[in-house]
Enquirer: 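There's a structure below that I have some questions on.
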Amino acid sequence: MFDPIPSHVSFPQMEEEVLAFWKARDIYGESLKRREGGPKFVFFEGPPTANGMPHPGHCLTRAIKDLFPRYRTMRGDYCRRKAGWDTHGLPVEVEVCKELGIHAKEEIEAYGIEPFIQKCQQSVWRYMQEWEKLTERIGFWIRLDEAYVTYHQSYVESVWWSLKQLFDKGLLYQGHKIVWWWAQGGTALSAGEVGQGYRQVADPSVYVKFPIVATESAKALGIDSNASLLVWTTTPWTLPSNQFAAVHPTLDYAIVRDEDGSQFVLAAALVPSIHEKVKRELKIEKLIKGSQLVGVRYRPPFDYFTREIRNIDRIVFPGSIDTKVFLKRLQDEFDNDGTCSFMVEFKVLGAEFVTTDSGTGVVHIAPAFGEVDYEVFQKQEERFRHVMGGPLRVRPVLLNTVNPDGKFNEQGPDFCVGRGVKDCDKDITRNLKDRGLLFHQEQYIHEYPFCWRAEEDPLIQYPRRSWFIKTSQFKDEMLANNSHINWLPEHIKDGRFGNFLETNVDWALSRERFWGTPLPIWVCSETGQMEALDSYEQLLAKPGVEGTEVWDSAKQQNPELPDDLKVHKPYIDAVTYDSPFAKGARMQRVTEVIDCWYDSGAMPFAQWGYPHTGRDAFADQFPADFISEAIDQTRGWFYSQLAISTLLFGERGTCDEKVEYPHPFKNCIVLGLMLGEDGQKMSKSKRNYREPNEIFVKYGADALRWYFFANQPPWTSIRYKEQAIKDSIPEFLLRLWNCYSFFVTYAAIDGFDPAARIGGKLEQLSAEELASASGYRPVSERPEIDRWILSELNRTVREVVQRMDAYDNYLACQKLNAFVDALSNWYIRRCRDRFWSDEKDSPDKLDAYFTLYECLLTTTKLIAPFVPFLAETLWRNLTKPLAGKVLESVHLCDYPAGDALVVDDALSAQMALLRDIASLGRAARMDAKLKVRQPLARVEVVLSETTHQPWLEKHDALLKEELNVKEVRYATEGKEYITYQVQPNFKVLGPLVGKLLPKVKELLGKANGAELLAQLKATGQIGLAVGGEQVELTSEHVQVRLSAKPGWAAAQGAGCVVVLNTEVTPALVQEGIARDVIRAVQDRRKEMQCQYTDRIHVGVVTETAELRDAITANLTMIQEATLATKITFEALAGSEGKEVEIADFAAKLFVNVE
RNA sequence: UGGCGCGUAGCUCAGGCGGUAAGAGCGGCGUCCUUAUAAGACGCAGGUCGCGGGUUCAACUCCCGCCGCGCCGACCA
């Protein structure tokens, strides 16, 4: 038989037992084995970094990542789940630096790269155990023992392979990137670090004249020979590196005359504010569009850079020479090896980013020191490439007067050379003033980033050479690919993610760091020519390989070193080989490692070591059907995967394998951000959240999972509140548990034993299998309430499957919740006496058992993906009598499919109405202050819509019991206590009568509702004269609203009114008292912890004859309800009497167990 | 400063192709019910559906503007 249910259930303890069972029987492995050969469902694990403690946000991702694979597996799919760990990158290095108490790059180099990366490798696994524990404890089934690891050799080589594909196709190239540079520390900082260092400072704000070159076209615009562009900047130190001036093409610009006769060009909208600043008359002479200024040339404020370039005048100011001629002449000038460099001329460009919020509307562009500026420069590069019509043989030189140490170089102004840039601001300003180029100067207060470690060091934007992937060339493919992905929520597709793709720039891949996948590019020491390699083996096979001994000796010294390290810095850097490009030259690896986001984005193939190994696995497991991460991964893993996949496997991809869109994933749930108790970001220092472990110990993983799944759509930001997690226990888990407990308790009492009744072939105790049981009657032959709950069950199955197929766990949970509520609060409550009845094997009782049993079994399967622990516990015990014959775990079962034939929509509607009436009846009683215990003679029910009335009339018994009344009467005419209000059916009538609607409403409201209804009933329509028009309304055009007239104990609902007959006869009063006696005795039984089957003797000692009479009059009823074999009015020996109050009468109650 | 999202009850959040009594859960208060229930039922209080404008017979819902919050970015030339 079933195990008895403990009076108090501890979910955490129960879960531990389930975990032990899963482990002992390898249920996860078994669940996979059962689905081998089934349809594939591919899941990708976005690799977490295990070098920090897991927090509640990780619980959510891990829970949702478990839910859908579990569900699909039960639905019959074969879903491999390979774990993975992200192990490279700055976070790891920073952790190790913290541990070593160092910070700067040189310090790492001083410490030694070799010991440093060894530490990195070890640090990666520091919290591994915590992660694995969490993963297991929350019930996330994933193959941890088969996890891919991004630093493993096979993984690294797979990444190398992909990079080689890109390199060989020219998609991986070297270029410049503007980074936030800590000059004193000689390193770039990450965005996170930069964000920490913002401080408010006062910087100089200078308005500088850029004299315009008097060309013909400038004259044509009305610009004098002594005119200047008026340019604003807050970083005077960047002026020596000025290369362009930018204007907005569609803005109005003014040519103004200053009081001293000089002429300026600035944005028309800013003339007043400049006038305010200088208090001089600026007379607008002409308005032109920004686009007209494009191409105008100017003299830069400093020209020290020109020293390096010969004949600068010809280049800088080529006059009206045709561009092609100009370029030809350039080539003549510089051509030696077929390439040449030259200066891009100082001229005005059009740019959309120019605004008139501040400054002058003419923007100083120093491409070396600003990202936007640099983009302008790159566009110029593109333009020249276009002009030349071939490969880039002529390239603009990037002007940079500053060295990486933050000091001016020889190209800078004399008085600045060798000095820190920020220190020179003042002198530069003075120099401009001396040369008459300063128009105005003031202070500007703004936020500026400083080094978060050396707070006195301002950061500067600085160009560094680095490696890029030409993702921007694949923008359209990426967008097309994206359009096929099913994003949840939908708006991610064209919103955040789509926008991000639209503004795609080339992926800055390389990092001048240590612990990462080494960039697999080797450079010829002689020619600078490069080649990419795709494996260590390929490297070793190169002619004249040297340097492998560095690794060998390290390994010899420390045999513990994982072999995977040999493909890392510094070992890999030591390996060189003969150059195929120049005799006697050597090939040496570039020094950079790559962005760790590339690692994770390569995971769809790299997890298998593809293509060196795992070709079949990759072919089988690509693309993914489902992935999920939080929204912060939009530009992270979501992007890196899509970009890499599109570049490699897309239509224009570098690989032979072409995959149809979308790839690499088809469905993606983007989770919201998890917030702390206070709605703020979770923060360890604020302690505004509970540790996951605490939650597991107190409430269990199921409580947490259900809270995640059932309380909100997963993409909303979730508040991680302890109370809310706790609440999911009574709200769902415990309610279901109580239903289950009820069943088991009574099954034990009645000896309902499925093992004794069911034979034949069994597996998962589906409805079909149950049907073979002795005493099992077809659903159609069972009482209506059984048919109803089974209808609800099968409807729930259908809806849950629909929702889950659409990745909508939230609604699925709501449906499950509603079903369990119906089971608990209506089915079991209404059926209790069927389970109590003495006729053990009566068909009715067996029907009840089989019905409830099926409901519980099916529900258990339905909830299994959501709350796998509770489901397993229920399943194990509900199938215990059949152990060995049925599947030992619910997670091996098929997900219920539901039986459409059992769904009875009409019955559902009818029962809903009945429950509604019962609810209204109770409300009416409340209103009239009549306890439910007090029987009443009659209720009257008036329905506005009578379709279901005949059905309801057949179900009086239910209502009578629920409302404790002797009679239920459905009134057809309720005029005494009801008023009828006829209203337009707005939705129907609106489109028909339009503007007349308010008048129709008014007329109907004024009229006598009952009469209108009578008219409608008699003639089928209501005629109204509205605004001179005759409108005929049929029953479809109106809706009837009922309301109880005052003075009646009544309650009104949507479609009905329930009226109580409040007259209480002496017999009813006596029965009410008797019911109270029962309640008192039952209370006492519970206090005495009687068994449900214990027979008792009862003594009621009271001075009130009324009470005694009531008991005498209802003796049998009391005896039956309380299992009392004897009731007397005397004290009973052997027990203490208890003072009680029964229906306002004092009494002493004695109860003895027989 | 841009993009995206959000703003509905004390709290956490649903809902809506525009239709005229605005929903749930929790919390509070009150009443009732109980031989499954650390439960459950019923009720009460609590809402200018962020603000302003527009479209419409009808707007919480659609459109525009604004304000506030959050996230992701950018920028301070």
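What you are looking at is a predicted structure, and each value in this text was computed from that prediction instead of being measured.
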Enquirer: Could you tell me if the ring centre of F835(A) sits under 6.0 Å from that of F743(A)?
Expert: no
Enquirer: Does the base of A36(B) carry an N or O that pairs as donor and acceptor with the side chain of S824(A) under 3.5 Å?
Expert: yes
Enquirer: From the set C26(B), A39(B), C13(B), return the single nucleotide nearest to any side-chain atom of N738(A).
Expert: A39(B)
Enquirer: Start at the 5' end of RNA chain B and walk down; is the nucleotide closest to F986(A) or to D632(A) reached first?
Expert: F986(A)
Enquirer: Would you classify A366(A) as touching base, sugar-phosphate or nothing, given that sugar-phosphate means primed atoms plus P, OP1 and OP2, and contacts are heavy atoms under 4.0 Å?
Expert: nothing
Enquirer: Tell me what T238(A) touches on the nucleic acid: a base, only sugar-phosphate, or nothing, going by heavy atoms under 4.0 Å.
Expert: nothing
Enquirer: Tell me whether the rings of H364(A) and F210(A) are parallel (<30°), tilted (30 to 60°) or perpendicular (>60°).
Expert: perpendicular
Enquirer: Mind listing the N/O atom pairs, protein and nucleotides 6-11 of chain B, below 3.5 Å?
Expert:
residue	atom	partner	partner atom	Å
C11(B)	O2'	K721(A)	NZ	3.3

Enquirer: Represent RNA chain B in dot-bracket notation, 5' to 3'. Only Watson-Crick or G-U wobble pairs with both distances under 3.5 Å count; pseudoknot-style crossings use [ ] and interstrand partners use |.
Expert: (((((((..((((.....[...)))).(((((.......))))).....(((((..]....))))))))))))....
Enquirer: In this structure, is the centre-to-centre distance between the rings of Y639(A) and F500(A) below 6.0 Å?
Expert: yes
Enquirer: It should be established whether Q983(A) places a side-chain nitrogen or oxygen under 4.0 Å from OP1 or OP2 of nucleotide G19(B).
Expert: no
Enquirer: So, does the side chain of R832(A) form a donor-acceptor pair with the base of U37(B) at under 3.5 Å?
Expert: yes
Enquirer: For Q712(A) and C26(B), what is the distance between atoms CD and C1' respectively, to the nearest whole Å?
Expert: 13 Å
Enquirer: To the nearest 0.5 angstrom, please state how far the CG atom of L874(A) sits from the CD1 atom of I5(A).
Expert: 8.5 Å
Enquirer: Among all residues two or more places apart in sequence or in another chain, which pass the side-chain contact (heavy atoms from CB on, under 4.5 Å) test with R1084(A)?
Expert: E1087(A), M1088(A), K1138(A), L1149(A), V1151(A)
Enquirer: Considering only G73(B), U20(B), G25(B), which nucleotide approaches the side chain of K1001(A) most closely?
Expert: U20(B)
Enquirer: Please determine whether a side-chain nitrogen or oxygen atom of N825(A) lies at a distance below 4.0 Å from atom OP1 or OP2 of A41(B).
Expert: yes
Enquirer: Looking only at side-chain N and O atoms, does R735(A) come under 4.0 Å of OP1 or OP2 in G40(B)?
Expert: yes
Enquirer: Where the side chain of I828(A) is concerned, which of C26(B), C76(B), A36(B) is the nearest nucleotide?
Expert: A36(B)
Enquirer: State which of C71(B), G19(B), A14(B) makes the closest approach to the side chain of R496(A).
Expert: C71(B)
Enquirer: For F742(A) and for P730(A), locate the closest nucleotide of RNA chain B by heavy-atom distance; then report the residue assigned to the nucleotide nearer the 5' terminus.
Expert: F742(A)
Enquirer: Quick check on U35(B): is either OP1 or OP2 less than 4.0 Å from any side-chain nitrogen or oxygen of Q1082(A)?
Expert: yes
Enquirer: Using the side-chain heavy atoms of L997(A), tell me which of these nucleotides is nearest: A36(B), U20(B), A14(B).
Expert: U20(B)
Enquirer: Are the aromatic rings of W737(A) and Y740(A) close, with centres under 6.0 Å apart?
Expert: yes
